[in-house]
Amino acid sequence: MPLPGGPSDKIGNRYERRWAVRALVELLQCNEASVRFEVPGPDGTATEFRRTDMDGHTWHQVKRQNTAGSWTIATLTGPGVIDAMWRKAATGERFTFVSSIGVTLLTELTERAEQARDYDDFSSNFISDEKHKTAFKQLRDRWKANGEEAYNALLLIEIVVIDEDRLRLWNVDALRPWVDNPEAAVDVLAQLVEDSVHKEVTKHDVWQRLTHHGIARAGFATDPDLAAKIDRTATARLALLHSKLVNGAQIERAETSAAIAALEEHRSIAIVGAAGSGKSVVLASLIEWSRDQGRPTLVISADRLPPTLTVAALGAGLELGPSPVAALAASAQGKGATLAIDQLDAVSVVSGRNPGGTELLDALLTEARSHPNIDVIVACRQFDLDNDTGLRNVAIKDDTQRITVPLLTEDQVRDAVALAGLPAVGNVRLLRLLQLPITLATYIEVSEAGQSDLTGARTLTDLYNSYWTDKQRACPPPDAWTDAMDVLVDSMATNKSLSVPAAVLDGHAVQRDKLISEGVLLGDSNRIGFFHETFFDYVFARRFVGRNRNIQRHLGDQDLFSRARVRQVLAYERSTDAPGYLDDLNWLLHNDGVRLHLKALVLGLFETIEE
């Protein structure tokens, strides 16, 4: 916190100017809006500027900080902010207060008023505790308003808390869809703010000033195929997800409706659950819903990202310029849009794959959050969010609503099996295994092929053993199948990625085409990967053991990325080689040369074992 006096005032003025620049940036998104700075006379008392659009006036007051600590209703009463809120809200106009620190209780009152059905609901259920009841009375007394009048005023008041560094980055990111040099544009607009005291500024004025300083429109504006390029990302992802649906159709999930409802209140939601629980299927439904709403929808799957990819390289690969998010915002033109990121756990340190991707996805999500019209949806394994702090900080923000995808019910499993025309599942362990949609889809596919008897299957390894046998038979010769699998898992393990360039299998092109045709591999002409992460785990472990490797001799570097290899091999050994499994467990737990994080992994695996 800067010292009081001159330095503090200068920093406060800089913060206020940056928020004013933000208001000018938002003018670029709409035609019928304007901003007037330092409105003269009583109307402008205790405000910085007024935004006017089709919904009326919104008055903004900006105060970087309070030297005494957090703002309170009392400390905002002194400089006239609380009174200004009432003057504007009482006449039906909106008021936004912006600061780098919070406003104790007032923020909560505005949020609770928004959540309540009406004043009676607000009074009875949202301020029943003494703390909030007292704060609400403090407002009523200051405003000389009755309870319902004060409640209606709260509905028109917004509190924005944003630190200065984030505000600076927001302005740059928010300009990317519109101009070719956003950093320089920020400085130009800051000067426009200084030159526009008491003046009304429009979109035309903003462009005129930018053009005068040699700042051109971004290339997105001249790309007639921009919307189609963005839509292709959704089409491609849906095609991959639909290829492994149970009985070729989506099982109705209540979580889809819950997620759509959550997007009414939150700009960010996270679809979470166990591996194979159907998170991506729920996400697919949300992608379809977003497109049906006419929203530009950009879809990125983290498991398909090559290592060391940059935002600019990703944009170039998608033909979306230097920033895919900026392209999305440009396509939306200020209207609603959606950024969906599937398989976020693919960049988790816990998973041991492509952890460098966390930085890339953080950049994408941070930029998306600079655009209020872009909703963000991510899908991620619960385990990775719980155990990878870095990933959690990227995916989950204060306004993120989690939607947990549970296992299918036993009745849903029975119905799906019956719909496929298969005998009822009598094996209790198998029924429990099939509560994961990915295993249910695989079970039905193998059973319908009629080559394997799965009635005695107890584990995922049992199921994938049969799947391996059936698909190997469908992709002859057996040696070519095995060779292709070795090339794939070695490349994926080396690059710590769940997808690889399709060219990796150029030496096995015929086999590659068969694997894609049979649905074992999914992808396009650029990158390919297994149909699900759990099958990669299985293939890696099977070939690790099949090539006479073992954990004790081939553990390699005991970095965080070795966790995935240990987990995969132990799970496979437990189903196929009990003596080897027990021997490896004993060695991992008792050998002094094994690092602590791997011992902790083994102990954590015990919690997932039912018997």
Side-chain angles (χ1 to χ4, degrees), residues 11 13-31 33-35 37 49 51 62 162-196 199 201-227 229-230 296 298 300 309-335 337 339 359-374:
I11 292 173
N13 291 337
R14 185 181 65 195
Y15 182 82
E16 293 168 9
R17 187 164 55 250
R18 282 177 168 156
W19 186 257
V21 167
R22 175 75 178 176
L24 294 182
V25 175
E26 290 178 350
L27 290 181
L28 298 177
Q29 300 182 12
C30 50
N31 295 317
S34 63
V35 174
F37 297 104
F49 61 84
R51 174 187 164 93
V62 186
I162 181 170
D163 66 70
E164 188 164 5
D165 282 342
R166 188 152 62 102
L167 178 55
R168 176 180 59 81
L169 291 173
W170 267 29
N171 284 339
V172 173
D173 285 341
L175 278 163
R176 293 189 195 282
W178 315 112
V179 299
D180 63 350
N181 190 343
E183 290 82 2
V186 166
D187 295 334
V188 171
L189 295 184
Q191 188 58 51
L192 179 57
V193 171
E194 296 293 320
D195 296 341
S196 301
K199 297 178 181 178
V201 180
T202 66
K203 178 179 180 178
H204 172 77
D205 299 321
V206 173
W207 275 121
Q208 188 175 53
R209 179 64 66 97
L210 291 171
T211 302
H212 177 74
H213 284 270
I215 295 174
R217 295 175 187 260
F220 304 119
T222 59
D223 185 353
D225 299 321
L226 181 61
K229 291 174 182 176
I230 290 171
L298 175 65
I300 295 168
L309 189 68
T310 64
V311 171
L314 176 62
L318 296 173
E319 299 182 67
L320 294 176
S323 167
V325 172
L328 178 64
S331 179
Q333 291 289 312
K335 298 180 180 179
L339 170 63
E359 185 176 342
L360 167 66
L361 295 179
D362 187 26
L364 292 173
L365 291 170
T366 298
E367 186 177 347
R369 289 174 178 124
S370 73
H371 299 281
N373 59 310
I374 295 180

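In this chain, residues are counted from 1 in sequence order.
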When you compare the side chain of R22 with that of R18, does any pair of heavy atoms fall below 4.5 Å?
no

To the nearest 0.5 Å, how far apart are CG in L339 and CD1 in I374?
7.0 Å

Do you know which two heavy atoms are closest between A20 and F49, and how far apart they sit?
CA-CE2, 3.9 Å

If I compare all heavy atoms of A185 with all of L210, which pair ends up nearest, and what's the gap?
CB-CD2, 3.8 Å

Does anything in residues 216-226 pair up under side-chain hydrogen bond (donor to acceptor under 3.5 Å, both in side chains), and if so which pairs, sequence neighbours excluded?
D223-K229

Min side-chain heavy-atom separation I162-Y15 under 4.5 Å
yes

For E164 and R168: C-alpha separation, side-chain torsions, deciding distance, then whether salt bridge (Lys or Arg N to Asp or Glu O under 4.0 Å) applies.
CA-CA 6 Å; E164 188 164 5; R168 176 180 59 81; over 6 Å; no

In chain order, what residues pass the side-chain contact (heavy atoms from CB on, under 4.5 Å) check against D187, with sequence neighbours excluded?
none

Please report the interatomic distance NZ(K203) to CG(N31), rounded to the nearest 0.5 Å.
4.0 Å

Sort and list the pairs that fulfil side-chain hydrogen bond (donor to acceptor under 3.5 Å, both in side chains) and have at least one residue in residues 323-333, not counting sequence neighbours.
S323-E367

What's the verdict on side-chain contact (heavy atoms from CB on, under 4.5 Å) for L189 and L175, showing C-alpha distance, side-chain angles and the deciding distance?
CA-CA 11 Å; L189 295 184; L175 278 163; 4.2 Å; yes

Nearest 0.5 Å, what's the NE2-CG distance between H371 and L328?
8.0 Å

Rounded to the nearest 0.5 angstrom, the CG-CG distance for L192 and D205 is 7.5 Å

Check step by step if side-chain contact (heavy atoms from CB on, under 4.5 Å) holds for L24 and F37.
CA-CA 11 Å; L24 294 182; F37 297 104; 3.8 Å; yes

Looking at every heavy atom in both P177 and F220, which two are closest together, and how far apart are they?
O-CD1, 3.6 Å

Contact check, side chains of D180 and I215, non-hydrogen atoms, under 4.5 Å:
yes

Going by salt bridge (Lys or Arg N to Asp or Glu O under 4.0 Å), E194 matches just one of R17, R209, R14. Which one?
R17

L320 vs L226 side-chain heavy atoms within contact, under 4.5 Å
yes

Ignoring hydrogens, what is the shortest heavy-atom contact between A337 and A332? Give both atom names and the distance.
CB-CB, 3.8 Å

Where the side chain of T310 meets the backbone of A313, is there a donor-acceptor pair that is under 3.5 Å apart?
yes

With side chains defined as the heavy atoms from C-beta onward, is the minimum distance between I300 and L314 less than 4.5 Å?
yes

Side-chain contact test, heavy atoms from C-beta onward, threshold under 4.5 Å: evaluate it for R51 versus L27 and give yes or no.
yes

Distance (rounded to the nearest 0.5 Å) between Q208 CD and T211 OG1
8.0 Å

With rounding to the nearest 0.5 Å, note down the distance linking CG in L167 to OG in S370.
11.0 Å

Find out whether V311 and P322 are in side-chain contact, i.e. whether some heavy atom of one side chain is under 4.5 Å from a heavy atom of the other.
no

Evaluate the side-chain proximity of R176 to D173: yes if any heavy-atom separation is below 4.5 Å, no if none is.
yes

